[in-house]
Enquirer: 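My structure is below; once you've seen it, I'll send some questions.
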2 protein chains.
Amino acid sequence: MTDWEDLHHFITLAREGTLSAAARSLGVDHATVARRVAALEESTGLKLVDRRSRATSLTADGKRIAEVAIPMEEAAFAVGRAAQATKPGLDGDVTISAPPNFASSVIAPQLVRLRSQHPGIRIKLIGEKRRASLGRREADVALRLMRPVEAGLFVRKLGSFGFSLYGSPAYLEKTAPHALAFIGYDASMATSPQEVWLRGIIGEREVVLRTNDLETQVAAARSGLGVAALPHYLGDSDPGLKRFAVAQKPLSRDVWLAVHRDLRQVPAVRAVMEFLANCLRS
Amino acid sequence: MTDWEDLHHFITLAREGTLSAAARSLGVDHATVARRVAALEESTGLKLVDRRSRATSLTADGKRIAEVAIPMEEAAFAVGRAAQATKPGLDGDVTISAPPNFASSVIAPQLVRLRSQHPGIRIKLIGEKRRASLGRREADVALRLMRPVEAGLFVRKLGSFGFSLYGSPAYLEKTAPHALAFIGYDASMATSPQEVWLRGIIGEREVVLRTNDLETQVAAARSGLGVAALPHYLGDSDPGLKRFAVAQKPLSRDVWLAVHRDLRQVPAVRAVMEFLANCLRS
DNA sequence: CCTTCAATGTGAGATTTTGCACAATGACCG
DNA sequence: CGGTCATTGTGCAAAATCTCACATTGAAGG
């Protein structure tokens with residue numbers, strides 16, 4: 001009988017593409033992944049990967065085996081969720097995934113409230129551009145700005161927030177509307193709703209800074225470099241920024257909460273969901 | 001992340017019921033099973049088994065987790081089958097399961113023919129009362145006397161064979177029909193078709209030997225103890241036995257061949273299936 | 001063409017895991 | 001009621017596995 005942990009390593013390698021990435025994902029040394037995959041090849045009698053010095057690639061047989069093994073990984077995650085779901089009471093670890101600035105600006109400041117209500121819950125808050133996978137248990141609860149479409153999730157719309165143009169009061173006073181300079185996202189965000197909305201406002205005017213990082217936009221706008229399209233929860237609370245009204249239809253983005261169905265009834269998870277809903281209400 | 005091999009040990013324990021049985025099934029020491037299950041309990045934070053000194057029983061949580069983990073085991077078997085199915089050519093190991101006397105009397109004598117036709121195939125022939133599970137890959141190909149009903153199997157009727165009464169020529173000559181002594185199965189086989197058939201013949205006459213083992217019946221009949229209901233392939237080829245005709249409708253049993261769908265197209269398996277079909281024809 | 005860098009390969013020491021042997025438990029059976 | 005037997009618990013030595021460190025490879029960018 002083949003060692004299931006060998007299969008685990010192989011599946012991770014198949015997904016991650018390199019020994020090193022798989023090793024990072026599994027929290028082991030890359031040599032371990034290499035040896036376990038070799039052991040699986042030994043026990044199946046099949047050559048599963050082509051080892052090249054810069055990257056590994058699956059052989060045709062390896063692809064076929066990986067395909068069949070995917071349900072096994074899904075089952076493993078289901079076991080993990082079942083284990084968490086059977087934990088009674090309001091103790092436990094709950095991982096929240098949210099857009100980075102949302103995590104730091106909206107959620108983090110209110111965590112102290114959750115902490116006082118439910119002292120047994122330990123929160124892990126990850127703000128990442130890359131959407132954490134709930135199916136793979138990279139997070140227990142996720143806040144998203146698009147409606148999640150993954151299977152097996154319970155999804156709920158928590159609310160919405162608006163965007164406006166913001167600049168420093170001094171800058172807005174001294175600058176004529178047609179001469180406004182703009183701060184926008186870089187190419188990686190070109191298709192995001194706020195960037196599209198902003199482009200419609202800019203027209204022929206100048207974009208003086210493009211950055212991926214919202215905090216940088218805030219800092220630049222605050223310093224008087226130009227105006228930026230910022231969420232109200234950021235701009236309105238900043239004394240160094242003032243809204244600049246525009247004719248265009250205001251932009252509003254919905255906030256969605258997603259949780260795996262298997263975890264929805266876990267007390268600690270429910271408490272966190274409730275907390276997040278309250279965060280949005282304020 | 002929990003070690004998948006721990007899950008493997010736990011699932012096996014859940015199915016086998018005792019640490020020792022699980023250890024035998026996995027081919028490891030019982031202490032290893034105990035330790036790996038303990039590790040799983042540690043990593044999930046749940047108490048999964050009640051350890052008692054005579055047997056272990058799953059806790060409610062353990063049952064729930066085991067339930068969820070079953071698909072994982074099925075997926076693991078699917079991987080194993082996929083690995084075997086990917087093997088090209090006519091080399092490889094093929095395990096055949098068959099009724100014990102069928103294996104020794106019909107199949108084994110002809111294996112040399114298979115061997116000469118396909119030298120690359122290594123056969124493992126297990127004759128067990130307990131039906132080997134094809135889904136669990138305890139065997140690749142099975143011969144059964146009842147139509148298999150498990151899901152996922154490819155089933156084909158290979159043929160049938162008849163039963164008659166046999167005794168030693170000397171015994172049959174000197175014994176009047178109403179005085180015949182009979183050799184039959186013991187209580188464990190009381191409901192088998194051949195035992196039921198035999199009972200209808202015996203009537204009020206005497207049963208002088210009951211045994212589970214067909215070879216023992218043959219030896220006893222050959223020695224002149226009485227008559228036994230034997231398959232033709234056993235009785236007709238034995239110079240020390242002679243048929244004793246009866247008025248009752250002759251008994252015939254069908255022989256079924258079963259193979260998992262995933263393995264049906266494997267060249268080595270196909271060759272074995274063909275060989276078994278030929279065995280039945282003669 | 002050269003530098004850089006992340007990836008893979010390889011050996012040795014350290015850690016972990018395993019098997020073994022023996023003890024203890026408690027159910028079954030006469 | 002006592003013997004028997006399969007099962008589980010435990011400590012220790014052996015074996016297997018993992019990590020670490022370093023060497024090597026080859027693609028990407030200047």
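All values below come from the heavy atoms of this structure, side chains included, with hydrogens, waters and symmetry mates left out. Note that this is a predicted model, so its numbers are computed, not measured.
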Enquirer: Taking NZ, NE, NH1 and NH2 as the nitrogens, is one of them in B:Arg81 or B:Asp262 under 4.0 Å from a carboxylate oxygen of the other?
Expert: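 Counted as a salt bridge, because a side-chain N and a carboxylate O are separated by less than 4.0 Å.
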Enquirer: Could you state the CG-P distance from B:Leu40 to C:dT17, rounded to the nearest angstrom?
Expert: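 That distance rounds to 14 Å.
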Enquirer: Expressed in angstrom and rounded to an integer, what is the separation of A:Glu42 atom CD from D:dT17 atom P?
Expert: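 After rounding, the reported distance stands at 12 Å.
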Enquirer: So what does A:Thr32 touch, heavy atoms closer than 4.0 Å: a base, only the sugar-phosphate, or nothing?
Expert: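 Answer is base: heavy atoms of A:Thr32 come under 4.0 Å of a base.
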Enquirer: Please report the interatomic distance OG(B:Ser25) to CD(B:Glu138), rounded to the nearest 0.5 Å.
Expert: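 Result: 8.0 Å between the selected atoms.
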Enquirer: Hey, can you pull the residues of residues 1-9 of chain B with a non-hydrogen atom under 4.0 angstrom from DNA chain C?
Expert: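 Going residue by residue through residues 1-9 of chain B, none turns out to have a heavy atom under 4.0 Å of DNA chain C.
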Enquirer: Check whether any side-chain heavy atom of B:Tyr185 lies under 4.5 Å from a side-chain heavy atom of B:Asp213, and answer yes or no.
Expert: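 They are not in contact (no side-chain heavy atoms under 4.5 Å apart), so the answer is no.
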Enquirer: Could you tell me, to 10°, how much the axis swings from one end of the helix from C:dC1-D:dG30 to C:dG30-D:dC1 to the other, five pairs per end?
Expert: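 Comparing the first five pairs with the last five, the axes sit 40° apart.
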Enquirer: Quick one: what's the B/S/- string for nucleotides 3-12 of chain C, heavy-atom cutoff under 4.0 Å, read 5' to 3'?
Expert: ---BBBBBB-
Enquirer: Could you give the CG-to-P distance, from A:Asp50 to D:dG26, as a whole number of Å?
Expert: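 Rounding to the nearest Å, CG of A:Asp50 and P of D:dG26 are 14 Å apart.
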Enquirer: Working note: B:Arg136 + B:Glu150, criterion salt bridge (charged side-chain N to carboxylate O under 4.0 Å, His left out); need CA distance, chi angles, decisive distance, verdict.
Expert: CA-CA 11 Å; B:Arg136 321 198 77 258; B:Glu150 294 104 309; over 6 Å; no
Enquirer: Only pairs under 3.5 Å count here: list side-chain donor-acceptor contacts from residues 62-69 of chain A, not counting sequence neighbours, and write none if there are none.
Expert:
{"unit_1": "A:Arg64", "atom_1": "NH1", "unit_2": "A:Asp61", "atom_2": "OD1", "d": "3.3"}

Enquirer: Determine, for B:Arg36 against B:Asp3, whether the closest basic-nitrogen to carboxylate-oxygen distance falls under 4.0 angstrom.
Expert: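 Yes, this pair counts.
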Enquirer: For B:Glu16, enumerate each residue passing the salt bridge (Lys or Arg N to Asp or Glu O under 4.0 Å) test, keeping only those at least two apart in sequence or located in another chain.
Expert: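 Salt bridge (Lys or Arg N to Asp or Glu O under 4.0 Å) list for B:Glu16, sorted by chain: empty.
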Enquirer: Return yes if some donor-acceptor pair links the side-chain N/O of B:His9 with the main-chain N/O of B:Glu5 below 3.5 Å, else return no.
Expert: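 Yes: the side chain of B:His9 pairs with the backbone of B:Glu5.
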Enquirer: If the threshold is 4.0 Å, N to carboxylate O, is there a salt bridge linking B:Glu42 and B:Arg35?
Expert: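 Salt bridge flag = no for B:Arg35 with B:Glu42.
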Enquirer: Residues in salt bridge (Lys or Arg N to Asp or Glu O under 4.0 Å) with B:Arg122, at least two apart?
Expert: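 Once residues adjacent in sequence are excluded, the partners of B:Arg122 under the salt bridge (Lys or Arg N to Asp or Glu O under 4.0 Å) criterion are B:Asp93.
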